[in-house]
2 protein chains.
Amino acid sequence: MAEKVTIATVAARAQVSRQTVSNVLNSPQLVREETRRRVEEAIATLGYRINQAARQMRTGRSQLLAVRIEPTRDGINGSVLDRFLHGLTFAAAAAGYRVMLYTADDDGDEIKTFDNLLASYDLDGFVLTGTDHGDVRTFWLAERGVQFVTFGRPWDEPERHSWVDVDNADGTAQATRRLIDTGHRRIGFIGWPSGSGVGDDRREGWQRTMKAHDLDPTGLDRGAADGIAQGAECARDLLTTAEPPTAFVCASDSLALGALQAAGGRTAVIGFDDTPVAQAIGLTSVSQPLPEAAARCIDLLIDHLDGHPVGTTQVLLEPSLMIRTTA
Amino acid sequence: MAEKVTIATVAARAQVSRQTVSNVLNSPQLVREETRRRVEEAIATLGYRINQAARQMRTGRSQLLAVRIEPTRDGINGSVLDRFLHGLTFAAAAAGYRVMLYTADDDGDEIKTFDNLLASYDLDGFVLTGTDHGDVRTFWLAERGVQFVTFGRPWDEPERHSWVDVDNADGTAQATRRLIDTGHRRIGFIGWPSGSGVGDDRREGWQRTMKAHDLDPTGLDRGAADGIAQGAECARDLLTTAEPPTAFVCASDSLALGALQAAGGRTAVIGFDDTPVAQAIGLTSVSQPLPEAAARCIDLLIDHLDGHPVGTTQVLLEPSLMIRTTA
DNA sequence: CTTTCGACTTTGAACGTTCAAGACCGTGAG
DNA sequence: CTCACGGTCTTGAACGTTCAAAGTCGAAAG
C-alpha cells in the first residue's frame, strides 16, 4: 500500500508550506506562477487528491448534493426520474459535486431527512422534484438558508425560489398543432382533474391552441387520475358523444395508452413524457429535455452555492414532439 | 441560528468527558448504565447528531456506498435499475449508510471513478450491476481491498466474490411451465445470442423445462440483440417454420413486445423483467424481486464492512411470474 | 494493611485541511 | 534614510471526532 499523500507530502516535495499548496488549489491567483507550477507538478507526480472530509471539517462544505429517489409510482412514469437522475449525476460530477440519494414516504418524512443529512453530512444543497402547491419543503429549506433548486415551478408564486421547468403548455400546444396540421378538427384532451399545476398547464396549451385555430374546445375535455384504465374510460366517454373527437392529446403516456386501447386505432393519440412505453409501442409523445433540465438545475444550484445570491432564477425549457406512429 | 452541538456540548451537559459520549455512541457496553442514560438524555434534548466528516477523518470510514447510474440503455429496461436503486437507498439508510451516484462511460472510466471516489470521499464500498465475463472492475477493487457486492454473478468463477442474483433459469422455467400448463406444446424461445451469462441462463431454463416435459426444443430457439424489432424478426422467423410455435418465452420485455406485435395476438407471449411497459400493456412477465435483491446486497456489503470477511457469500433469489393477459 | 484487579472514566494527541495572522522582501514615496 | 505597501509565502490554531494511554475508585486477594 502506498503511503497516504496529504497536502504536507506535496508541500515537502515542492519545497513550500502547506498553505501554499492549499492556495494553489483554492486561490491560485495568490501564488507566483513559478511556484504554482512546481506545486502542480508535485501534485501530479504524487497523485495527490484532496481529502473531502478534512476540507469539509474546516469549510463546512461537502460538495454533496442530495436528491430524493421515489419508488416508481404508477410504473409508467417513473423512468422520467431515472433519466433526470443520470443527467444530474453527470452534470454535478463535471462541476466537482457528487449526488447522494435519499428516500422519503412523504413531505414530513422528507423534512426529517433534510435535517439528518444537513446535520450529519453537511450537505450543500438539494434538488427537489415534483413540487406541489404551497410546498412545505421549500419553506423549511428557505427558512434555514439551505440552498435548493426545484425541477418544477412553484405554481402559487413563481419567483419565490429558483427552478427549472419544462413548458408543459407548449408541449400540448405542439401536440395539438401537429394534429391540426394533419387534418384533425375535433381534438379531445384527456388530462388530470384541475388543481394540479402541471395538469392545468398541459390542458391550457391544448385549449389555447384550439382557440387560436378557431376550433371550439368546449366539451372535448375530460379529467381523471393518472392511469391506463382512467385514460380508456375518458376516451370511451368522449367517443360516445354526439360529435366524437378524431384525435386525443393526453396529459401522460398512461392516459394515452388507455385512450389508444379504447379507441382501437381509430383515432390519433399523443401522449406526454416520452416514456419507454411510448418508445416501445410507437406512441407519439411530448418529450421533456431531461438531461438539459438536470444540467440547468445543477448550474443554478452551484451559482447559489458559489454565492451569487442576487435573487432567484427561473428557467423554462421547451419540450419537443417525438413523432411516431400514433399521430 | 442555534449554536452548533458537538460531542463537547453533550459532554458538558451530561457532566462527562468527550470520550464517554463517544463511547455511548460507539461502544455502549463500556459505559455504566446510569451514565449512558444521562448521556443519551443530553443527546436527545440537545438534538445532537454526529458529524460524519470529523468521524471519517479519524476512522477513515464515510458510511457512504456508491452505485453507478447508467443512461437508460434501450429505454425499456432502464426501469429495472430505477427500482433497484430505490431499494438500495432504502436499505442502506436503515443500516446507517447513504448511497452516492456516479456515472461512467465504460469499465475503464468506471475504474478511474473508483479511484477518485476512494481518494476524495473515502467510500466504504460499491454495489456493481451488470457484471460481464472476466469483469476488470471486480479485479481492480479486490486488488485494493475495497469491499463490493455485485448484483449479477461472475459467470466464470462463482465464488470469487460476494454477489446477489436472480435465478434467471428458474424464471424462464416458470414461464415455460405456465405455458405448458395452459396447453401449449410448441413453445419457442426468443433470446440473445449465446455468450452472455444472463442470456444463456434464461435460455437454459426454457430448454430444461421443455425436456423435462418430453417436449423437443430443437429448432424453436432464436437469438438476437435486445430490441423490439429484433423480437418481431425472430418471432416472424419462427412462425413461418413448418411447425410454428403457439407460444413464446422471451429473454426480455423488449423482445416479447416485438414478438407480440409480429404474432398479432395469435400466440401467447411471456416477457422478462416486468418493466413498466409490461404492466402497461398487460404482458405476462417474469418479475425480479428487486427490493429484496437490493436489501440483500446491502446486507452482504455491510457484513463485509463490519469485518466478517470469512470468505464470500452468494445469494440467489427466485423470480416470480406476473400473469397478465398475454399468457 | 497493602496490593492487584477490573470496571469505568478522563486526558492529550492526531486525522488533513483552511483560516487568521504575520513574516519577509523589494519598490517607490516622502 | 525611513516607512508604507503589495506581493508572496509561512506559522499556529482550529474544525469534531476517536485512538491510545493513563487515571480513579472500590472490592477482592494476599
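What you see is a predicted model; the values in this text were computed from it and never measured. Lettering follows sequence order; numbering is per chain, from 1.
Among the atoms of the strands shown, only primed sugar atoms or phosphate atoms (P, OP1, OP2) are found under 4.0 Å from some heavy atom of T6(A). Across all strands, T20(A) comes closer than 4.0 Å to base atoms (heavy-atom distances).
Summarising the geometry, the separation between CZ on R49(B) and P on dT17(D) is reported as 12 Å, rounded to the nearest angstrom. To the nearest angstrom, P of dG16(C) lies 18 Å from OH of Y121(B). Atom CG in N51(A) sits roughly 17 Å away from atom P in dG16(D) (whole-Å rounding). One atom, CG of L25(B), and another, P of dT18(D), lie 6 Å apart when rounded to the nearest Å. dG16(C) atom P lies 15 Å from atom CD of Q52(A), rounded to whole Å. The CD1-C1' distance, from I50(A) to dT17(C), rounds to 7 Å in whole Å. The distance between atom CD of Q56(A) and atom C1' of dT17(C), rounded to the nearest whole Å, is 11 Å. Distance D122(B) CG to dT17(C) P: 11 Å, rounded to the nearest Å.
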Go through the steps to decide whether R37(B) and E41(B) satisfy the test salt bridge (Lys or Arg N to Asp or Glu O under 4.0 Å), and finish with yes or no. CA-CA 6 Å; R37(B) 255 204 295 275; E41(B) 197 179 299; over 6 Å; no
Checking side chain to side chain donor-acceptor pair (under 3.5 Å) for the pair N26(A)/R55(A): CA distance, chi angles, key distance, verdict? CA-CA 11 Å; N26(A) 302 304; R55(A) 160 181 280 189; 2.8 Å; yes
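Across all their heavy atoms, A42(A) and R13(A) have their closest contact at CB-CG, 3.5 Å.
An OP1 or OP2 oxygen of dT18(D) is reached within less than 4.0 angstrom by a side-chain nitrogen or oxygen of S22(B). In this model, the phosphate group of dT9(C) is approached by a side-chain N or O of T35(B) to a distance below 4.0 Å at OP1 or OP2. At the phosphate of dT9(C), neither OP1 nor OP2 sits under 4.0 Å from any side-chain N or O atom of N23(B). For dC8(C), the OP1/OP2 oxygens have no side-chain nitrogen or oxygen of R32(B) closer than 4.0 Å.
Distances were taken from every side-chain heavy atom of R18(B) (C-beta onward) to each of dG16(D), dT10(C), dG12(C); the shortest belongs to dG12(C). Out of dC19(C), dT9(C), dT17(D), the shortest distance to the side chain of R58(A) is found at dC19(C). The side chain of Q19(B) has dC19(D) as its nearest neighbour among dC19(D), dA13(C), dG12(D).
Ring geometry, F151(A) versus F84(A): the interplanar angle falls under 30°, so the pair is classed parallel (tilted spans 30 to 60°).
Atom OH of Y102(B) has more than 12 heavy atoms from other residues, nucleotides or ligands within 6.0 Å.
Heavy-atom nearest nucleotides on DNA chain C were determined for L30(B) and for M57(B), and the one closer to the 5' end corresponds to L30(B).
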